4 protein chains.
Amino acid sequence: MTKPVANGVDAKALTAFLERIENLEEEKRALADDVKSVYGEAKATGFDPKIIRKVVALRRQDATKRREEQEMLDLYTQSLGLFD
Amino acid sequence: MTKPVANGVDAKALTAFLERIENLEEEKRALADDVKSVYGEAKATGFDPKIIRKVVALRRQDATKRREEQEMLDLYTQSLGLFD
Amino acid sequence: MTKPVANGVDAKALTAFLERIENLEEEKRALADDVKSVYGEAKATGFDPKIIRKVVALRRQDATKRREEQEMLDLYTQSLGLFD
Amino acid sequence: MTKPVANGVDAKALTAFLERIENLEEEKRALADDVKSVYGEAKATGFDPKIIRKVVALRRQDATKRREEQEMLDLYTQSLGLFD
DNA sequence: TCAGATAAAATCGCGC
DNA sequence: GCGCGATTTTATCTGA
């Protein structure tokens with residue numbers, strides 16, 4: 001039976017947090033590998049990975065830009081709300 | 001029915017690859033958010049996130065080291081197998 | 001007269017590099033302060049700094065997007081060049 | 001002649017602020033490039049950039065610490081001055 | 001194997 | 001003081 005609380009730190013709780021974090025990061029790593037695989041497949045199919053990366057980047061930028069423009073509008077709305 | 005192959009690029013296949021990649025990256029983002037949440041919980045429980053990050057980094061280094069040593073062993077095993 | 005090369009490291013050259021780097025970073029910090037001042041001025045003039053930040057971000061995104069699209073075109077041109 | 005004030009926002013003043021900010025940030029970017037160049041030089045001279053970064057970080061910490069201690073002293077001086 | 005580019009992590013600083 | 005966003009630094013990866 002290990003001491004539940006030693007040196008003022010709850011080792012059990014700490015370990016639980018560590019494991020949750022590490023599991024999540026392991027899953028992330030697995031997904032990153034999957035992404036790499038897809039690029040590999042695309043390349044094998046004749047696509048230039050470099051170009052695909054650019055397309056992905058552009059589409060992400062579009063999404064980001066759209067979101068920012070929406071936030072912009074919200075800010076204006078909010079500001080105008082001051083006169084209500 | 002859109003042209004399956006236009007300008008020498010198979011738009012359908014390309015789109016499929018793009019979507020697979022983007023879905024995977026979305027999942028990665030979701031996991032990253034989860035990790036952040038766990039750090040938030042840990043902080044609320046009284047742990048210092050900064051220290052937890054250090055611990056995670058240390059354990060990851062250990063794990064990496066162990067993995068590399070294992071790969072080393074595998075290489076040796078493999079090499080020795082050549083003489084079987 | 002300090003030794004120009006001790007322990008295999010050229011302390012004089014190292015120091016020179018350090019100072020160049022530190023001077024440049026000091027200049028960066030000064031510019032960052034200037035930026036902050038401008039936001040302060042803008043706020044004092046009645047502008048919402050938050051909105052200005054968004055506008056700056058959007059304009060930067062535009063520039064980035066344009067650049068990326070150009071790189072995209074270059075990539076295609078390059079790819080097509082393979083058939084030359 | 002464009003309207004100086006439309007929709008309640010002074011477009012001219014806004015533009016002026018935007019340009020000041022963007023110019024400053026452009027200068028920052030230029031300095032960042034310079035820093036990168038110096039690291040490149042250092043590397044070409046045989047120094048490990050990674051180590052140089054560590055040294056720079058350490059010296060910055062020292063400087064910060066020294067500054068804080070000075071502020072501490074100033075506070076004391078100031079406090080003592082109250083009794084003058 | 002290394003340089004350059006890309007993406008991830010950590011740190012910093014601001015505004016709320 | 002805390003979360004959040006931006007910046008900076010570290011690590012990974014790809015291509016030469």
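Since the structure is predicted, the reported quantities are computational estimates derived from the model, not experimental observations. Below, chain A is the first sequence line, B the second, and so on; all start at residue 1.
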Worksheet item: Any Lys/Arg nitrogen of Glu26(C) or Arg29(C) sitting under 4.0 Å from an Asp/Glu carboxylate oxygen of the other?
Response: yes
Worksheet item: Can Glu71(A) and Arg67(A) be counted as an ion pair, charged N to O under 4.0 angstrom?
Response: no
Worksheet, complete the sentence: Those residues at least two apart in sequence (or on a different chain) that pass salt bridge (Lys or Arg N to Asp or Glu O under 4.0 Å) with Glu41(C) are Arg20(D)
Without decimals, in angstroms, what is the distance between [X] [atom1] and [N] [atom2]?
X: Asp33(D); N: dT7(F); atom1: CG; atom2: P; value: 15 Å
X: Glu68(B); N: dA11(F); atom1: CD; atom2: P; value: 13 Å
X: Met72(A); N: dG5(F); atom1: CE; atom2: P; value: 17 Å
X: Arg67(C); N: dT6(E); atom1: CZ; atom2: P; value: 12 Å
X: Asp34(A); N: dA7(E); atom1: CG; atom2: P; value: 17 Å
X: Glu25(C); N: dT9(F); atom1: CD; atom2: C1'; value: 11 Å
X: Arg29(D); N: dT8(F); atom1: CZ; atom2: C1'; value: 15 Å
X: Leu31(B); N: dA8(E); atom1: CG; atom2: P; value: 12 Å

Discussion item. Using a strict heavy-atom distance below 4.0 Å, which residues from residues 38-63 of chain B are in contact with DNA chain F?
Written reply: Lys43(B)
Discussion item. Contact between Leu18(B) and Leu14(B) at the side-chain level, heavy atoms closer than 4.5 Å - yes or no?
Written reply: yes
Worksheet item: Got a second to check how far Lys28(C)'s NZ is from Asn23(C)'s CG, nearest 0.5 Å?
Response: 13.5 Å
Worksheet entry | Verdict with supporting geometry, Gln70(C) and Asp74(C), side chain to side chain contact (heavy atoms under 4.5 Å, CB included) | CA-CA 6 Å; Gln70(C) 186 53 48; Asp74(C) 292 348; 3.2 Å; yes
Worksheet entry | Terminal axes of the helix from dT1(E)-dA16(F) to dC16(E)-dG1(F) (five pairs each): angle between them, nearest 10 degrees | 10°
Worksheet item: Apart from Leu75(D) itself, what residues make up its hydrophobic cluster when side-chain heavy atoms of I, L, V, M, F, W and Y under 4.5 Å apart count as a link, directly or indirectly?
Response: none
Worksheet item: Which hydrophobic side chains are connected to Tyr76(B), either touching it within the sub-4.5 Å cutoff or through other members that do?
Response: Met72(B)
Worksheet item: How is Lys28(C) classified with respect to the nucleic acid when contacts are heavy atoms under 4.0 Å: base, sugar-phosphate, or nothing?
Response: sugar-phosphate
Which pairs of donor and acceptor atoms, one on a side chain in residues 49-61 of chain B, lie under 3.5 Å apart (sequence neighbours left out)?
residue: Arg59(B); atom: NE; partner: Glu22(A); partner atom: OE2; Å: 2.8
residue: Arg59(B); atom: NH2; partner: Glu22(A); partner atom: OE1; Å: 3.0
residue: Arg60(B); atom: NH1; partner: Glu25(A); partner atom: OE1; Å: 3.2

